[in-house]
Amino acid sequence: MNSLYQSSIKSLPLLGHGKVRDNYAVGDDKILIVTTDRLSAFDVVMNEPIPGKGMVLNQMTDFWFSKLGHIVPSHLTGVAPESVVAADEVDQVKGRAVVAKRLKPIMVEAVVRGYIIGSGWKDYQDTGSVCGIKLPAGLKQAEKLPQPIFTPAAKADLGEHDENISFEEMEKRIGAELAAKMRDVAIKLYTEASEYAATRGIIIADTKFEFGLDENGVMHLMDEVLTADSSRFWPADSYATGISPPSFDKQFVRDYLETLDWGKTAPAPALPADVINKTQAKYFEAIERLTGEKLKA
Ligand SMILES: Nc1ncnc2c1ncn2[C@@H]1O[C@H](COP(=O)(O)OP(=O)(O)O)[C@@H](O)[C@H]1O
Ligand SMILES: [Mg+2]
């Protein structure tokens, strides 16, 4: 398994390192997005790679782009990543990169929740609502909501946490028309994806989409889509209410970090090999269960 913690593509101008992805300019209208094996937990990037994780995320996203492409266009250009880098850089992009349209990111993340869990569960216990949306009384932790809800979050500046905002605040920031369109598309994407995932024995409890506008103002789905990093996937066979069901993601890492006396700010503590291996196995299992195919390495 070729592992990549940070890319170093010298043949293209670096636009920046995100927590997980490295972006490079390809001409002035495209970007090369390399999904590395970095893992962030509590918004802090760990020091060790999870070998192959970036490939899993990249291939999961590709899978969903093609499945959901009839709902909204994606940022994909179809240009092969191998064709835009130097020969000795091909190893860094193989199986883990895309050449995307360079879009103007909409600075609101589209969060859709089908189940009440995590920060939504905390919010509900305190207020009976999630991000200002009133919910029926008496819901149990991890219970399925009567219908999926849209709870936008303002995209944070580098190193900051995203901040939940009301739909009204979203309308103020990006305009009522675009806000409604984003909400409707996000709910459709979530609904169709969850119906498919159910046939594979996976519950998508919640997820986050990012959208951007092209030069004509057309909205595109971008970034990563319905991955174990941007979503909570629960194996249907171990789902139960009244608990936080086990999920296909960084749970081992989070559980391990919770045992430490660590303030959840950088620098991250070292991850034991056992935690890294179990996390890697979860990501691999997730893509296999979801797509029915093993990771293409
Ligand atoms: N097609 C695109 N055009 C412009 N920006 C994009 C596109 N796709 C993804 N991005 C941005 O690239 C970055 C990806 O890096 P990532 O590691 O996910 O960052 P973050 O730490 O912000 O989550 C994000 O800021 C995302 O919004
Ligand atoms: Mg991201």
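Read the numbers this way: they start at 1 and go in the same order the structure lists the ligands and their atoms.
The minimum heavy-atom distance between Asp62 and Leu76, with the atom names listed, is OD1-CD1, 3.9 Å. Of all the heavy atoms in Leu189 and Phe209, the pair that sits closest is CB-CZ, 3.6 Å.
Residue-ligand proximity, Lys101 to ligand 1, at heavy-atom distances under 4.0 Å covers atoms 1 (N), 2 (C), 3 (N). When each atom of ligand 1 is checked for a heavy atom of Val20 under 4.0 Å away, the hits are 17 (O). Distances below 4.0 Å separate heavy atoms of Glu210 from the following atoms of ligand 1: 26 (C), 27 (O).
With Phe167 as the aromatic partner, Arg183 meets the cation-pi criteria of under 6.0 angstrom to the ring centre and within 45 degrees of the ring axis.
When Glu224, Arg21, Met222, Lys155 are ranked by how near their heavy atoms come to atom 25 (O) of ligand 1, first place goes to Lys155. Among Ser40, Gly18, Gly16, the residue whose heavy atom lies closest to atom 19 (O) of ligand 1 is Gly18. When Leu221, Ile33, Leu103, Asp162 are ranked by how near their heavy atoms come to atom 3 (N) of ligand 1, first place goes to Leu103.
Ring geometry, Tyr196 versus Trp64: the interplanar angle exceeds 60°, so the pair is classed perpendicular (tilted spans 30 to 60°).
There is no path of hydrophobic side-chain contacts, each under 4.5 Å, that joins Met222 to Ile71.
For the 3.5 Å distance criterion, the side chains of Gln141 and Thr241 fail to qualify, holding no donor opposite an acceptor.
Note: an N/O pair closer than 3.5 Å links Asn23 and ligand 1 by distance alone.
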